[in-house]
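First up is the structure itself, then whatever we jot down about it.
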Amino acid sequence: MIIVESIAKWMEIRKNIKHQSIGFIPTMGNLHLGHSSLIEKSIIDNDITIVSIYINPAQFDDQNDFINYPKTLNDDLEILRKLKIDYLFLPITKDIYPDEFSFRILNDSNYSRIMEGEARKGHFSGMLTIVMKLLNIVKADNAYFGEKDYQQLRLVELMTKAFFIDTIIVPCKTIRNEYGVAMSSRNNRLSGEELKKISIFPKLLGSNLPDDIIISELEKEFIVDYIKTIDNRRFGAIIVNNVRLIDNMEI
Ligand code: AMP
């Protein structure tokens with residue numbers, strides 16, 4: 001695994017990759033089995049796999065959340081070495097935002113204004129901006145995104161279409177723990193007891209109960225941010241002991 005910290009260095013490497021396909025998995029680190037599944041898919045699909053780890057300040061609506069985002073580079077390196085990826089890209093803020101955050105991707109649509117867009121002001125703009133930058137730098141054939149963040153995945157797909165980006169966006173199924181809870185870096189902040197308790201969340205999302213009944217069931221135990229059904233998929237966000245969790249299920 002070659003670790004690349006400079007954008008210029010990657011551009012040099014990229015120039016010499018001509019006849020091999022490249023798969024790319026952008027992450028914020030603190031890797032778990034959800035990330036590994038995207039990486040494994042890329043390794044199967046492509047000749048070369050590159051993973052990036054970058055905690056993007058522009059997508060955090062809450063500064064505390066950004067500061068406290070778990071940084072576990074040594075553990076991440078071990079996981080990535082075991083998976084045998086080819087490149088790890090670790091860009092730094094001053095290189096990746098030479099514009100000092102002055103240019104942004106904005107999506108003004110019914111789909112970006114609701115749910116995570118409504119709850120986390122500026123989040124999607126920050127997320128789309130970093131994804132656009134990374135896609136332009138890496139120039140991969142395929143980029144892998146989890147259905148765990150379904151609204152993000154759809155917006156990235158729509159953005160690449162809108163800006164004629166060549167990279168194909170590959171959706172990947174949500175990986176869940178033994179209680180059916182979607183793997184997430186945020187789960188580390190919960191106790192084993194709390195993790196068991198939230199198994200009701202994905203169960204209710206995947207049930208055929210109406211949204212309002214699900215809300216009242218969840219409110220018995222948690223703070224509910226939203227429950228919403230769109231096109232045969234139910235989305236939800238709840239807060240458990242100050243930890244905000246999102247999930248979605250096809251119904
Ligand atoms: P993050 O590091 O949280 O930005 O996530 C990087 C990528 O991993 C995103 O495309 C996420 O949707 C995906 N991801 C995170 N958790 C899971 C999961 N449990 N199952 C599948 N993909 C996931």
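In each ligand, atom 1 is the first atom listed, and ligand 1 is the first ligand listed.
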Verify whether one side chain among [X] and [Y] offers a donor that lies under 3.5 Å from an acceptor in the other.
X	Y	answer
Y226	D211	no
N177	N187	no
D141	S21	no

At a non-hydrogen distance cut-off of under 4.0 Å, which region of [X] contacts ligand 1 (side chain, backbone, both, or neither)?
X	value
S184	neither
K148	side chain
R176	neither
H35	side chain
L38	side chain

Would you mind running through ligand 1 and noting each atom that sits below 4.0 Å from a heavy atom of [X]?
X	value
M183	16 (N), 17 (C), 18 (C), 19 (N)
D149	11 (C), 12 (O)
T174	20 (N), 21 (C)
F145	10 (O)
T27	2 (O), 6 (C)

### Query
Which residue pairs pass the ring-ring contact (aromatic ring centres under 6.0 Å, His included) test when at least one of the two sits in residues 68-88, sequence neighbours left out?
W10-Y87, F60-Y69
### Message
Side chains of H35 and D76, heavy atoms from C-beta outward: is any pair under 4.5 Å?
### Response
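SC-SC contact between H35 and D76 ruled out.
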### Query
Side-chain contact, heavy-atom cut-off 4.5 Å: M159 with M127?
no
### Query
For ligand 1, is there an N or O atom under 3.5 Å from any N or O atom of I175?
yes
### Query
Closer than 4.0 angstrom: is that true for some heavy atom of E147 and an atom of ligand 1?
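Heavy atoms of E147 never come under 4.0 Å of ligand 1.
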### Approximate separation, where rounding is to 0.5 Å, of I227 CD1 and M115 CE
10.5 Å
### Query
Distance from S184 atom OG to I246 atom CD1, nearest 0.5 Å?
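That separation rounds to 8.0 Å.
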In terms of residue, atom name and distance, what is the protein heavy atom nearest to [atom]?
atom	result
atom 6 (C) of ligand 1	P26 O, 3.4 Å
atom 21 (C) of ligand 1	K173 O, 3.4 Å
atom 15 (C) of ligand 1	H32 CE1, 4.0 Å
atom 10 (O) of ligand 1	G146 N, 3.0 Å
atom 4 (O) of ligand 1	M28 CG, 3.6 Å

### Query
How about K71: does its NZ atom have over 12 heavy atoms from other parts shown lying under 6.0 Å from it?
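Yes, enclosed.
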### Message
Is it the case that over 12 heavy atoms from other parts of the model lie below 6.0 angstrom from the CZ atom of F103?
### Response
no
#### Entry: side chain to side chain donor-acceptor pair (under 3.5 Å) partner of R154, chosen from E157, Q152, Q151
E157
